[in-house]
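What you are looking at is a predicted structure, and each value in this text was computed from that prediction instead of being measured.
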Amino acid sequence: MSTDCVIRNVNEHVGETVKIGAWINNKRSSGKIQFLQLRDGTGYIQGVVVKSEVSEEVWNDAKSLTQESSLYVTGIIREEPRSASGYEMTVTGVEIIHLTENYPITPKEHGVDFLMDHRHLWLRSTKQRAVMVIRAEIIRAVQQFFDGNGFTQVDPPILTPSSAEGTTNLFHIKYFDEDAYLTQSGQLYMEAAAMALGKVYSFGPTFRAEKSKTRRHLIEFWMIEPEMAFVDHEESLRVQEKFIAHVVQSVVKNCRAELESIGRDVSKLEGIAAPFPRITYDEAIEFLNGQGFDIPWGEDFGAPHETAIAEKYNTPVFITHYPAGIKAFYMKPDPNRPEVVLCADMIAPEGYGEIIGGSQRIDDPELMQQRFEEHKLSDEAYQWYLDLRKYGSVPHSGFGLGLERTVAWICGLDHVRETIAFPRMLYRLYP
């Protein structure tokens, strides 16, 4: 009698006969022994078929299996120190579900375009599965952190009547007889939620109609956006660094095998702990110009600048107090120096760029009205946002974490296209 089992739990069934639904990841043979590399989505295990120990039918069925064929396999779980998982299955029975012919993704090298065209199948590969498991752990750790620290999850709308930051990189749609856009951020709505619930966070998809093809950009990506009432800029920075340290260490603890399977140097993650170093925008400008960059005060940083700064540190670093002219209209000016705002970008190490952008928000209704006029924002579209300052305004702060860039950094990936199951990029909407 066999017990239904998944590969992840075979350690609980050593010496027992189990039945597993699986696919053939790979297969090799040495005459009278066949080695089936099995996967079931939860993990991998080698199934050993010995000709002298099974019926002729089982032997022939095992011999007929091809890459990505599906089957129910029955066998005895044994400890095997030489195996990556520490376990192996001695196969006693094979029940073929479907024999695959000419599976397009083989162990040979394939080009990126080919793999992206077959993303629905590429996801089955060892590396891609590991990345998805790590992404899921990051999401779990994000929710654990906020749920355990007094935040309430709130879901902002995906369809909005206006831009969050007054930019033009929006996907326009018709909302019956009105104009609407796919959201580029839930932040403004989260500010409203914070005035009702104190500390809130959202987690959902956002969209940017930027015609960018860099390794850091996606058209559709996921954001985590906390907002906190009665919290100033300094306290917000402390929350951010504790948050990132928690997420990284959760992945190190729970996904070490996946990190190692994709070749990630885990030692670079083990040292990520709060507090993180901080430099001001002024200090960053001085450093960059000293490194041979010609960048005047008042200009925003690009990828090469962020990478040069990050190379000084082994952990994420905050760049604070950017000029007001290059930041969003809602950021609060520094009372001691109004030409800069109380904001920070968190730059990941190893050249992965900005993963968090945050600030203390303007809480003065008169200054917010002035910003609306300076940025030519419609009072009609944003009246509800002005109301947040009109009725019980309080100091408040928030930030946004880009999930895919965070996955890329933690996994050590070259491109964000591998950080989400079905990436949406410039010129790619299939599959």
Side-chain angles (χ1 to χ4, degrees), residues 138-157 160 164-165 183-204 206 222-248 250 274-276 278 316-322 324 327-335 340-347 354-365 367-368 371 382 384-403 406:
I138 291 171
I139 292 169
R140 189 201 65 79
V142 164
Q143 294 174 319
Q144 180 188 56
F145 178 86
F146 289 117
D147 293 345
N149 282 280
F151 287 74
T152 301
Q153 184 173 354
V154 174
D155 301 318
T160 68
E165 300 185 3
T183 184
Q184 61 177 192
S185 169
Q187 181 211 308
L188 306 191
Y189 295 97
M190 297 311 294
E191 289 187 54
M195 298 305 120
L197 295 160
K199 293 195 294 185
V200 297
Y201 75 100
S202 66
F203 174 63
T206 54
W222 288 67
M223 290 280 288
I224 295 96
E225 297 184 281
E227 288 290 328
M228 302 163 284
F230 305 104
V231 168
D232 63 13
H233 172 60
E234 180 63 31
E235 186 177 349
S236 177
L237 294 184
R238 291 196 293 270
V239 171
Q240 292 173 47
E241 60 195 4
K242 289 177 183 176
F243 165 53
I244 290 298
H246 170 80
V247 168
V248 172
S250 292
F276 296 161
R278 304 177 188 181
V317 55
F318 287 112
I319 304 175
T320 69
H321 297 84
Y322 282 76
K327 286 298 182 181
F329 71 90
Y330 49 71
M331 294 188 179
K332 184 179 179 69
D334 185 335
V340 301
V341 287
L342 298 174
C343 73
D345 288 347
M346 184 189 292
I347 310 301
E354 177 193 340
I355 54 172
I356 286 182
S359 72
Q360 186 168 341
R361 318 310 192 187
I362 291 173
D363 52 79
D364 176 17
L367 178 56
M368 184 60 81
R371 287 287 187 267
Y382 287 94
W384 67 271
Y385 189 64
L386 287 171
D387 283 351
L388 303 181
R389 279 74 184 167
K390 184 178 179 182
Y391 303 111
S393 184
V394 300
H396 62 289
S397 301
F399 59 93
L401 171 83
L403 177 62
T406 305

Working note: M195 + V394, criterion side chain to side chain contact (heavy atoms under 4.5 Å, CB included); need CA distance, chi angles, decisive distance, verdict. CA-CA 8 Å; M195 298 305 120; V394 300; 3.8 Å; yes
Does a side-chain N-to-carboxylate-O contact under 4.0 Å join R140 and D147? no
Derivation and outcome, side chain to side chain contact (heavy atoms under 4.5 Å, CB included), residues F318 and L237: CA-CA 8 Å; F318 287 112; L237 294 184; 3.7 Å; yes
Exam field: side chain T183 to backbone T206, donor-acceptor pair closer than 3.5 Å: no
For D363, check salt bridge (charged side-chain N to carboxylate O under 4.0 Å, His left out) against everything at least two apart and list the hits. K332
Is R389 close enough and on-axis enough to Y391, meaning under 6.0 Å and within 45°, for cation-pi? no
For E234, give me all partners under salt bridge (charged side-chain N to carboxylate O under 4.0 Å, His left out), at least two apart in sequence or on another chain. R238, R278
With no hydrogens and no angle check, is any side-chain donor or acceptor of S236 less than 3.5 Å from a backbone partner on D232? no
So, are R361 and E227 salt-bridged, with charged N and O less than 4.0 Å apart? yes
Can you tell me if D387 uses its side chain to pair, donor with acceptor, with the backbone of K390 under 3.5 Å? no
Judged by modelled atom types alone, do S185 and E225 share a side-chain donor-acceptor pair under 3.5 Å? yes
Test of ring centre spacing under 6.0 Å for F145 and F151: no
What pairs with Y189 under ring pair (Phe, Tyr, Trp, His ring centres under 6.0 Å), at least two apart in sequence or on another chain? W384
